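These figures come from a predicted structure and were not determined experimentally. All chains are named by letter (A, B, ...) in the order of the sequence lines, taking the proteins before the strands, and each is independently numbered beginning at 1.
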Number of protein chains: 2
Amino acid sequence: MLFTFKNRFPNLNPYWEKYIALQQRVEYPAKTTLLREGKIAQNYYFIEKGCLRMWFDNQEKDTTFQFFFENEGVSSLESFQKNIPSAFTIETIEPSVIQILPKAVFNAMLKELDQNPDFLKALMEISFERQRHYMYEFLSRIRDTPIQRYVNLIKDRPHIVQRVPQHYIASYLGVTSVHLSRIKNQLARKK
Amino acid sequence: MLFTFKNRFPNLNPYWEKYIALQQRVEYPAKTTLLREGKIAQNYYFIEKGCLRMWFDNQEKDTTFQFFFENEGVSSLESFQKNIPSAFTIETIEPSVIQILPKAVFNAMLKELDQNPDFLKALMEISFERQRHYMYEFLSRIRDTPIQRYVNLIKDRPHIVQRVPQHYIASYLGVTSVHLSRIKNQLARKK
DNA sequence: TGCATTTGATAACAAATGTTATCGTCTTCC
DNA sequence: GGAAGACGATAACATTTGTTATCAAATGCA
């Protein structure tokens, strides 16, 4: 988040720099849980290297609904901001290098910049972007078949297909891994 | 939106009152299109009486993805703010009384309050709420079966089931109206 | 009032997707 | 280097959902 801010709102740079300096750099092996479903988020995570996924437990089945890669920030914002249990788990897929921003630091920043219109507008832009993301995902689930969704994924975000194990992609697409195999087979035969 | 503001941020009341006064009150019959998919949104609509739905054309099939009732505001925000074609249509379901806020008025307000932290925070809260809404809808599509979604709808938003024709509800749930009939039948037999 | 349209239920069949099980290959870790 | 587990493909069968068609009831409207 801070790095995103920094790149897009350089006029507030003095602030970003100050808070970025308070981050902590940590290396995690693959399949490490950063935030467990049901716990209260204590940190904001920024990915220096590696990738993460967000998922939740849906009747024993693990359902992935978002992937994150280098230079992206992650948290359960709802949990983070309101001190309520997180609705999902965040874990590493690959071994990853993460910059951790503790909640206390984030809150200090909020407090300091609380009356700064530029900062508020920056926050709002981030919020709009997240909104567009969920809107897009939502519409895609509604209107596209799993096959179309898979084709779109290959076209629009090929890095996901390349770096993420197939069963996570299947759950992200909303199908079983067996069915994703069928889809791949079907697409391969068409060519 | 203005009425929402007014109730929740009364400290800015002088502003709301001024702009609310510039709204225009119009009555529409049922099935009237307020904004057509592909057109650029020119107004923000506030429902005084009646109900609306948002839908888009998905390969000839009309797909409803949100309903609106009394005291709710509606627009294609993306289209409204960025002057791009709307991705969906907004139309009345019942005969409705609508308060129309023209874009020019809205923009004037934005300009006047652009540096006002309270206003920006108000805007942000609205944005967070919309974000939560789409997040919720998105997660519900992922984890719930159509039957569960229908049961939830009856439990959490019974007014929708009561006031909206079944084929719109079916498309909202993500099934055909034939299948929704089956679901209702199935639930009825269980009791 | 009466006719046309909309709405909703149901049946029969088709297509899509899930479930379970098996197998081979590839990774990981000691 | 070898064992255990993870990963992915495939087959057989079950379940869910869509498609098309038909009919009855409710509704809107001239």
Query raised in the report: Got A:Ile47 and A:Asn71 here, is their nearest side-chain heavy-atom distance under 4.5 Å?
Result: no
Query raised in the report: Nearest heavy-atom pair of B:Thr64 and B:Ser171: which atoms, and what distance?
Result: N-OG, 2.9 Å
Query - CA sep, side-chain torsions, deciding dist, call: B:Gln186, B:Tyr150, side chain to side chain donor-acceptor pair (under 3.5 Å) - result: CA-CA 12 Å; B:Gln186 190 177 337; B:Tyr150 183 63; over 6 Å; no
Between protein and nucleic acid, restricted to nucleotides 22-29 of chain C and to nitrogen or oxygen atoms under 3.5 Å apart, what atom pairs and distances do you find?
none

Query raised in the report: Hey, does the side chain of A:Asn185 come within less than 4.0 Å of D:dT10's phosphate (OP1/OP2), counting only N and O?
Result: yes
Requested in this report: Tell me, please, whether B:Phe69 has B:Arg163 positioned over its six-membered ring: NZ or CZ under 6.0 Å from the ring centre and within 45 degrees of its axis?
Outcome: no
Query raised in the report: Does B:Lys184 place a side-chain N or O at less than 4.0 Å from the phosphate oxygens OP1/OP2 of C:dA9?
Result: yes
Query raised in the report: Would A:Glu70 and A:Lys49 pass as an ion pair if we require N to O under 4.0 Å?
Result: yes
Report task. Under the side chain to side chain donor-acceptor pair (under 3.5 Å) rule, what do B:His133 and B:Arg130 come out as? Steps first, then yes or no, please. Result -> CA-CA 5 Å; B:His133 173 82; B:Arg130 286 174 56 84; over 6 Å; no
Query raised in the report: To the nearest Å, how far apart are B:Gln148 CD and D:dT16 C1'?
Result: 14 Å
Report summary line: So CH2 of B:Trp55 and CD1 of B:Ile93: to nearest 0.5 Å the spacing works out to 12.0 Å
Query raised in the report: What's the CG-P distance between A:Leu173 and D:dG8, to the nearest Å?
Result: 13 Å
**Report entry** Integer-rounded Å distance: C:dT7 P and B:Ile169 CD1
**Finding:** 12 Å
**Report entry** Check ion pair A:Glu137-A:Arg157 (N to O, under 4.0 angstrom)
**Finding:** yes
Report task. Find the distance B:Glu94:CD to D:dT27:C1' and express it as a whole number of Å. Result -> 14 Å
Query - Whole-Å distance separating the CD1 atom of B:Ile93 from the P atom of C:dT6 - result: 16 Å
Please list, for nucleotides 11-17 of chain C, all pairs of protein and nucleotide N/O atoms separated by less than 3.5 Å.
| from | atom 1 | to | atom 2 | distance (Å) |
| --- | --- | --- | --- | --- |
| C:dT17 | OP2 | A:His179 | NE2 | 3.3 |

Report task. Rounded to the nearest angstrom, tell me the gap between atom CG in B:Leu180 and atom P in D:dT19. Result -> 15 Å
Report task. For C:dT6, take OP1 and OP2 only and decide whether either is under 4.0 Å from a side-chain N or O of B:His167. Result -> no
Query raised in the report: Does B:Gln166 have a side-chain nitrogen or oxygen under 4.0 Å from the phosphate oxygens OP1 or OP2 of C:dT6?
Result: no
Requested in this report: Answer yes or no: is there an ion pair linking B:Glu91 with B:Arg53, defined by an N-O contact shorter than 4.0 Å?
Outcome: yes
